[in-house]
Amino acid sequence: MSFPAAREIRRIFPSAVIAFWVPSGLKNLVEATGIPDEILSYDVNSGPTLTRPFRMRGRLASGEFD
């Protein structure tokens with residue numbers, strides 16, 4: 001997702017809570033944009049890429065995402 005698109009989502013839905021799921025190396029960059037309310041980061045070296053979504057399931061399930 002591009003930052004301009006995320007800014008537009010923020011403009012259209014100002015009261016929405018926006019969360020980004022990003023590699024840990026990009027967390028500071030994404031945080032600097034001021035767009036997301038929450039950043040969920042993951043370590044790209046934390047195991048096979050295909051299993052990453054399953055490992056994140058618990059973190060995502062604890063949130064109230066639309």
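No hydrogens, no waters, no symmetry mates; every other heavy atom, side chains included, goes into these values. Since the model is a prediction, treat every value here as computed from it, not as a measurement.
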How long is the straight-line distance from [atom2] of [Y] back to [atom1] of [X], given to the nearest 0.5 Å?
X	Y	atom1	atom2	result
Glu31	Thr33	CD	OG1	9.0 Å
Asn28	Ile39	CG	CD1	8.0 Å
Ser15	Asp37	OG	CG	10.0 Å
Leu40	Lys27	CG	NZ	9.0 Å

Taking the side chain from Arg10 and the backbone from Pro36, do they hold a donor-acceptor pair closer than 3.5 Å? no
Please work out which of the three classes, parallel, tilted or perpendicular, describes the rings of Phe3 and Phe20, given edges at 30° and 60°.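 Phe20 and Phe3: parallel rings.
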Search all heavy atoms of Ser41 against all heavy atoms of Ser24 and return the closest pair with its distance.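 Minimum heavy-atom contact is CB-CA, 3.9 Å.
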Shared hydrophobic cluster, Phe13 / Ile35 (ILVMFWY, side-chain heavy atoms < 4.5 Å): yes
If Ile, Leu, Val, Met, Phe, Trp and Tyr residues are connected whenever their side-chain heavy atoms lie under 4.5 Å apart, and connections chain through other members, are Ile9 and Val30 in the same group? yes
